[in-house]
4 protein chains.
Amino acid sequence: MNAQIQNLPTAGDYKVADISLADWGRKEIDIAEHEMPGLMSIRRKYAPQAPLKGVRVTGSLHMTIQTAVLIETLKDLGADVRWASCNIFSTQDHAAAAIAATGTPVFAWKGETLEEYWDCTLAALSFPDGQGGFLGPQLVVDDGGDVTLLIHKGYEYEQGDASWVESPSSSHEEQVIKNLLRRVAKERPGFWARVVADWKGVSEETTTGVHRLYQLAERGKLLVPAINVNDSVTKSKFDNLYGCRESLADGLKRAMDVMLAGKVAVVCGYGDVGKGSAQSLRAYGCRVIVTEIDPICALQAAMEGYEVKTVEDTLGEADIYVTTTGNRDIIRLEHMLQMKDQAIVCNIGHFDNEIQVDRLNALDGVKKVNIKPQVDRYDLPNGRSLFLLAEGRLVNLGCATGHPSFVMSNSFSNQTLAQMDLWANRDRYEKKVYRLPKKLDEEVARLHLEKIGVKLTKLTPEQAEYIGVPVDGPYKPEHYRY
Amino acid sequence: MNAQIQNLPTAGDYKVADISLADWGRKEIDIAEHEMPGLMSIRRKYAPQAPLKGVRVTGSLHMTIQTAVLIETLKDLGADVRWASCNIFSTQDHAAAAIAATGTPVFAWKGETLEEYWDCTLAALSFPDGQGGFLGPQLVVDDGGDVTLLIHKGYEYEQGDASWVESPSSSHEEQVIKNLLRRVAKERPGFWARVVADWKGVSEETTTGVHRLYQLAERGKLLVPAINVNDSVTKSKFDNLYGCRESLADGLKRAMDVMLAGKVAVVCGYGDVGKGSAQSLRAYGCRVIVTEIDPICALQAAMEGYEVKTVEDTLGEADIYVTTTGNRDIIRLEHMLQMKDQAIVCNIGHFDNEIQVDRLNALDGVKKVNIKPQVDRYDLPNGRSLFLLAEGRLVNLGCATGHPSFVMSNSFSNQTLAQMDLWANRDRYEKKVYRLPKKLDEEVARLHLEKIGVKLTKLTPEQAEYIGVPVDGPYKPEHYRY
Amino acid sequence: MNAQIQNLPTAGDYKVADISLADWGRKEIDIAEHEMPGLMSIRRKYAPQAPLKGVRVTGSLHMTIQTAVLIETLKDLGADVRWASCNIFSTQDHAAAAIAATGTPVFAWKGETLEEYWDCTLAALSFPDGQGGFLGPQLVVDDGGDVTLLIHKGYEYEQGDASWVESPSSSHEEQVIKNLLRRVAKERPGFWARVVADWKGVSEETTTGVHRLYQLAERGKLLVPAINVNDSVTKSKFDNLYGCRESLADGLKRAMDVMLAGKVAVVCGYGDVGKGSAQSLRAYGCRVIVTEIDPICALQAAMEGYEVKTVEDTLGEADIYVTTTGNRDIIRLEHMLQMKDQAIVCNIGHFDNEIQVDRLNALDGVKKVNIKPQVDRYDLPNGRSLFLLAEGRLVNLGCATGHPSFVMSNSFSNQTLAQMDLWANRDRYEKKVYRLPKKLDEEVARLHLEKIGVKLTKLTPEQAEYIGVPVDGPYKPEHYRY
Amino acid sequence: MNAQIQNLPTAGDYKVADISLADWGRKEIDIAEHEMPGLMSIRRKYAPQAPLKGVRVTGSLHMTIQTAVLIETLKDLGADVRWASCNIFSTQDHAAAAIAATGTPVFAWKGETLEEYWDCTLAALSFPDGQGGFLGPQLVVDDGGDVTLLIHKGYEYEQGDASWVESPSSSHEEQVIKNLLRRVAKERPGFWARVVADWKGVSEETTTGVHRLYQLAERGKLLVPAINVNDSVTKSKFDNLYGCRESLADGLKRAMDVMLAGKVAVVCGYGDVGKGSAQSLRAYGCRVIVTEIDPICALQAAMEGYEVKTVEDTLGEADIYVTTTGNRDIIRLEHMLQMKDQAIVCNIGHFDNEIQVDRLNALDGVKKVNIKPQVDRYDLPNGRSLFLLAEGRLVNLGCATGHPSFVMSNSFSNQTLAQMDLWANRDRYEKKVYRLPKKLDEEVARLHLEKIGVKLTKLTPEQAEYIGVPVDGPYKPEHYRY
């Protein structure tokens, strides 16, 4: 099959960096399983009924050790899984190898080119039909919405609307996608219609991806029911907050070995990711400055004692810049040119366009010196240098190994419950964006308590009645913020 | 008028502890105004239009210095205000005196009996009609829902449903209310119908009070439109969290002068109040143990490094118990009998029934020794003693002066905007519970930024479009949790 | 006796604000005893031997509830005690009353004038000889060195060196002392020689007082052996650090009820007092700026993420100023004139000259408005106002109740052990400044562990040998910094 | 020369893992130089005078990037340097390669055997005399005291005292040293006498190494003057505390990718290393339990809110164990057998004997599974597993890259100043252990302030006089604890 995918050398129905890393990957998967009680408990509870028996599932999600446990959970539930990473730097090669070694098709390695990346995405949603052709997935596990984007754009193009695909892009990545879609149009006529016909739903776990889904739904263009996993409490308030609290410093340390104490760090954005990032940096002894557009979040930052000002006001003073916003152009070329010598710039928000990497690369007279993988020093025309981590992509995944297993077990338990829910309700759900019911959210939390020795108090019937909730929950109104 | 209110000696149309404290109160109100930029800004912006001109407003809310600034803001907007406290211990007598001295009827002093308390509440909603009778309020500012309760119960009784009023109560406070309603029924026939006829709305700012409103609305018994001020982000995530983070320790210190470092403190409940309480105690060097019924909140507590177990498991180990739940029977007599000698027990949740104070007082062989106002030592039959603060009522208001002005400016700006909104939409709103629109929530935050030197970043139009929000907000979807 | 002391009306051999507060004081002393396990344990261990039997002890130390427990410990050990406070605002009147009620001469009330203060100090060191004359103390418990100063200066003057007493002072307080010494010279000829003849030692517990002692010793002018209690680890690293961490915010809250979150606070000095102050303010959500002269302490502050700059650089930006240095002129009039409107200025270091209060009071056009005891608003000629707490004296003692009992139990256990040591070695010690041996320092710590549930690990003999210490300690070299 | 050193293949006068890593190492050295302002400033100030011109210096200190900057600083000062690592796992191979590439003899690679390690140490102190023989160093930079030990033991043996060398050792490492000394005795008769004749001093930077020096000095056996660099404030209160605060979590993360939030971590020892470790783990959301033998440190831990108990009391409850003590047998085999399944055990104190690794390896039925370099899983006979990091050696150096540059710049500035001091005073100093004068300690701090934007306040002459210190310091008495 891969023969049809340019840039992907054939090697069985998978493409990884080094299949010989499978043993090491397996050892780390074993360790991770102990740290992912939610997924393991779901396996124990539901595997016997095989609720996803034979369902074709495409995943586009950082191909890490933790994701390996998710993949094997989906397989335990009966699914037929294909996988790609959702970031060119985030794959852990030993994890990919371990999954490939079990016969699950996986297309991911650390350091893909953008062309390779989108080819991998296509490979992950191309289930051989046994007759030389391809079927699409019935369900999609998405992170950042790239699979969803590809299907929607491919289908739109195939249906005759060429306005997007045929227009030239200033963004290199967009152009890569357009080129791919044109190639697919030639090589696989009618492919996207077949994909859409079988597709029953998508669960999405990032703020950015969810945002895209709501936009599609609002415009009436969403092709399938979607579950917003990101806004489960046990996702957004855990993965985004506690995950980044652990993995930001990890990325900085592995990349730069820099002393954080005494440094001035600017955290752009004070949402959940920003909150976790700021808390971590302060705990290390950084003086943290926050930038915000939202007055409520800005006031929260101030109540925690952070100085809140603009990026412009920090130039020349700050040593470290971290973008966490999910928006674009947060750190602009003009900013970078005014930074202190040896400033470190990185992104833990979402796409690399939080930092104007393209403009930096295109700057006249700039010199890019690679220090080690994912760490580049830019010698600027002004005589100063700055360090850009992971080429502006997610620093925790590019320079470290992403969030730790325990917090991902929360996110991935939500993903798994969402996949089961989408399949079980495939005939009932409309083409809208749903959230998981609070009861399931509480269940995800509950599955993680024993591992860390938490002992819950149980409401008495009198107490439950007094506050008007069932003894076993759900305990809070929908608008509760935790 | 007061002549008709048993227990309230006539002294002009107010009843305070000592009117000579007015000067001191005024000086502190002056200070507070500098710390309440939200209210002051609302005055500047709206007073010229007098949006509440002549509107009769009853307030039932801790009669503190901060509340004085709220009252004077409402008056600046044109309202005709009467006020009572919503807690027998929470009045600051100099604040009440300063308000009384301006001619605004206020009925509140620190250390009311329950009988006096409910008489004050009645006085606050009795606007003289100039003919010896009384009109009710057109709007109510409620905290804990006591005015709302009194009107609903009074009206129900007056309409012929005596099932509640005529049944005997085991709770002393309930019996006081019933007695009052029977007296009103005799003294003021038809009073409640006239009150209900004029009443246009209530804004409520506590979790407990809001909960009651939703219950009334669900049962179709809510008599007016209500605005849930508690669940504005700038209320629940500020007052409840940051307010308690400052005022819990303040209450403990003024009451007991106790060293917190090295102590074991149990915080019952890890909602916003519990989060603020736990954070404060840990910062002082307490080892904090959390109890929870909700697995999500329990997992949050664990992620912050708190030990989570049951009250039972802490007995004999912990020095300080703080209830924050909004539920009843959290600290039971059985618990108190097994506590360490000299344990301190207090409540910063809502009602005093979070702790079984009644059962403690009724215990055979117990000896209650008053140390100073709001601090009682109970010598238990087992030879040990414990300290109960503020008789189990809110320790920050009973033993200190409640939340500081700045955070209350957020809450009270929400209250004020809610009052204006209720009045402006009095013909449009249904008898339901509303929340303030996010745009106003953001506005409240915005009004507080300058005072603390926060400088917001402004979205570019490209950025706003990229994330799909207006440049000036609102910036977040309704389900966003902050 | 008091008849001879101008300003001190006779009322038995004590002078307190209100003897009727004794019962309340006694109840709080009972509570404090439970929080002062070090002192109580010393009573149990040593009282049977009465090691201070009949020894005349003068104390000059904040007359608080905690000090009452110290006084009664000294009495239990056999001493004949007289006491004064060492600060005009720090007395807790119910504590003084409770001590007076037991027959122990105490001369202290909250809000003394400077004249009264020094008269009280004299009264505390005047033990009636039964013949209308006075004996001096055999031991002195000093805090800030005022008793030591008075004896040294009085003796110097009496011995014929009038250079200091007869020269006019720009400082009001110095002039008061000089006037007193002239009066004593007239009323009690030869008094100081008799005092010095009997005096066997002094233990001193503050940085400032100790500094004076070292200076006296260096110049060969120290009249008795002295023990530097301040530099016991269990004093300087506990009282100064953990004590202030609890009592600074307590003072600010009781004085101003101010919201600390979001404020900019400047902590002048980053010694132990500054470290505790900064940590507390940050925990409340202040943004803390530190000023320092010592590069090592400055680097420590930076490593904790504090911004370190000069007072000048913070003017107009900061809301709260706290001096912690033990030096003079830290906050100067020029600074105060450039502060933000409504800035709060206070001192938790030592003397009121950390802030230029005298110059502020003397400023042309300034208006001082008393808000409540220990809280003054200064309306400046520039149209702005600032709040000065406790007239620039110790804010934790002036506006709150000082350090909590548990930490004072450490300091006072050191004081008590020092008194016993001074007496036991009165014939051996030279006129030098000693520190308590590390073994006793460790003993003080050990006496406080059980109360807070600490369980120590015990060295095995092999381990003790491996690191070359006795199994039971002392465990560290003298230069160890903890 | 290496020909004579068994196990060290000849390859020029150095032995590193891979000389081709030199370029990468150089790039990281360039980065580190920006983070080590102390060393760079010393170069600028002193290099022109070449105070160590031609002096033979042997270093035994973790061969990291930071150490490379130290080595090149010593060379800039004129020294003739040879280097080995002081830990078999701590070498960064690219750092060693970069140093070797400049022609400086260095003998170090990550993952030496103990035999190789001691051969490297010998190579580092063997300066070719140009005639096929060897001279020893004139100065030694030591970390842990291994060079000092080797010279002292070699000299003792050579002088005829064979009691230690000839007795068999139960410790494998001791036996390796003895074997080496016997070989040297054969191959280089009279070598140690020549070494001792030229040796002028040693500076030592660890608690353990310093402890050994004091023991030698007490027994009158110290062969040269020594400077205790460890107890400079800018070393012990910076490197030990802030260094470990950054590098412990770094080691844990790189080794295990484990979620720290919600875990129970036991920190054995609450000295500076323990303080930094505990603070870091708590900031990540661990619940931290401390074990201590010293009541003062135990009380400090309690004041910070840590639970203090024994290792035995934590078994079955804790997930992570970190030893920080400098003592032996802290985690015993019996402990490991009772730990929770999947517990992580590591050491950041000093030697690997803090954990009973030898007994664990020798346990009947144990299975050691290597996960990746420096991470081993032990499957215990009881069916549970535990993870041992870096074979029980320093986890921050074995699993990560040690302390970050900025903090090491403090330690190494002390080392460099000590080397200059030893050489300048080589004729004056006695065979004792000295500390650097406080003035130099302050100077080291001062050199690091500008880099992080700290602005010091300057004492006025009046203030300096008031507190009795010079305007430019030193500011504190020797016993001050910071």
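Since the structure is predicted, the reported quantities are computational estimates derived from the model, not experimental observations. Labels below follow one simple rule: chain letters A, B, ... track the order of the sequence lines, proteins then strands, and each chain is numbered from 1.
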Inset, instruction - Quick one: pull up CE in A/M408 and OG in A/S413 and give me the separation to the nearest 0.5 Å. - result: 10.0 Å
Legend entry - Region of B/T325 in contact with chain A, defined by heavy-atom distances below 4.5 Å: neither
Legend entry - Which portion of B/N230 sits near chain A, non-hydrogen atoms under 4.5 angstrom: neither
Inset, instruction - Let me know if A/L459 has heavy atoms under 4.5 Å from chain B in its side chain, its backbone, both or neither. - result: both
Legend entry - Rounded distance [0.5 Å steps], CG in B/N410 versus NE2 in B/H403: 11.5 Å
Give every donor-acceptor pair under 3.5 Å between a side-chain atom in residues 298-309 of chain A and any protein atom, sequence neighbours left out.
{"from": "A/Q300", "atom 1": "OE1", "to": "A/K275", "atom 2": "NZ", "distance (Å)": "2.9"}
{"from": "A/E304", "atom 1": "OE1", "to": "B/R245", "atom 2": "NH1", "distance (Å)": "3.0"}
{"from": "A/E304", "atom 1": "OE2", "to": "B/R245", "atom 2": "NH1", "distance (Å)": "3.2"}
{"from": "A/Y306", "atom 1": "OH", "to": "A/A278", "atom 2": "O", "distance (Å)": "3.4"}
{"from": "A/Y306", "atom 1": "OH", "to": "A/Q279", "atom 2": "N", "distance (Å)": "3.4"}
{"from": "A/E307", "atom 1": "OE2", "to": "A/K309", "atom 2": "NZ", "distance (Å)": "3.2"}
{"from": "A/K309", "atom 1": "NZ", "to": "A/E317", "atom 2": "OE1", "distance (Å)": "3.4"}

Legend entry - Gap separating the CG atom of B/D272 from the OH atom of B/Y242, nearest 0.5 angstrom: 9.5 Å
Inset, instruction - Among the options B/Y475, B/Y482, B/F238, B/Y214, pick out the one with the most heavy-atom pairs lying under 4.5 Å from chain A. - result: B/Y482
Inset, instruction - Flag the one option from A/D294, A/V290, A/V454 with the top tally of heavy-atom pairs under 4.5 Å to chain B. - result: A/D294
Legend entry - Whether A/S409 side chain and A/S405 backbone form a donor-acceptor pair below 3.5 Å: no
Legend entry - Interface moiety of A/S232 toward chain B, non-hydrogen atoms closer than 4.5 Å: backbone
Inset, instruction - With a 4.5 Å cut-off on heavy-atom pairs, point out which of A/D313, A/V233, A/T208 contacts chain B the most. - result: A/V233
Legend entry - Verdict with supporting geometry, A/N414 and A/T234, side-chain contact (heavy atoms from CB on, under 4.5 Å): CA-CA 8 Å; A/N414 277 292; A/T234 48; 2.8 Å; yes
Legend entry - A/R435 portion near chain B, given a 4.5 angstrom heavy-atom threshold: side chain
Legend entry - Residue part contacting chain A, namely of B/L456, when any heavy atom lies under 4.5 Å: both
Inset, instruction - Answer with side chain, backbone, both or neither: which region of A/T310 has an atom nearer than 4.5 Å to a non-hydrogen atom of chain B? - result: both
Legend entry - Side chain A/N347, main chain A/H350, donor-acceptor under 3.5 Å: yes
Legend entry - Largest heavy-atom contact set with chain A, pairs under 4.5 Å, which of B/D231, B/T291, B/I452: B/D231
Legend entry - For chain B, the option from A/G326, A/A445, A/C297 that forms the most heavy-atom pairs under 4.5 Å: A/A445
Legend entry - Side chain, backbone, both or neither of A/N353 within contact of chain B (heavy atoms, under 4.5 Å): side chain
Inset, instruction - Check whether B/I330 gets within reach of chain A through its side chain, its backbone, both or neither, counting any heavy atom under 4.5 Å. - result: both
Inset, instruction - Establish, from distance only, whether the side-chain atoms of B/N240 and B/K235 form a donor-acceptor pair under 3.5 Å. - result: yes
Inset, instruction - May I ask you to decide if B/G349's main-chain N or O and B/T324's side chain share a donor-acceptor pair within less than 3.5 Å? - result: no
Inset, instruction - Apply side-chain contact (heavy atoms from CB on, under 4.5 Å) to A/R332 and list each qualifying residue two or more places apart in sequence or on a separate chain. - result: A/E312, A/D329, A/E334, A/H335, A/Q356, B/T460, B/Q463
Inset, instruction - Name, in order of residue number, those residues of residues 464-473 of chain B that have a heavy atom at a distance of less than 4.5 Å from a heavy atom in chain A; otherwise write 'none'. - result: B/Y466, B/I467, B/G468
Legend entry - Results of ring pair (Phe, Tyr, Trp, His ring centres under 6.0 Å) for B/F406 - residues two or more places apart only: B/H448
Inset, instruction - Output yes when a side-chain donor or acceptor of B/E174 lies under 3.5 Å from a complementary backbone atom of B/S170, and no otherwise. - result: no
Inset, instruction - I would like to know whether A/T457 and B/V311 meet side-chain contact (heavy atoms from CB on, under 4.5 Å); could you show each step before the answer? - result: CA-CA 8 Å; A/T457 300; B/V311 170; 5.9 Å; no
Legend entry - Largest heavy-atom contact set with chain A, pairs under 4.5 Å, which of B/R212, B/E462, B/E443, B/K455: B/K455
Legend entry - Residue B/D441 versus chain A: region with a heavy atom under 4.5 Å: both
Inset, instruction - Could you tell me whether the side chains of B/Y321 and B/T314 share a donor-acceptor contact shorter than 3.5 Å? - result: yes
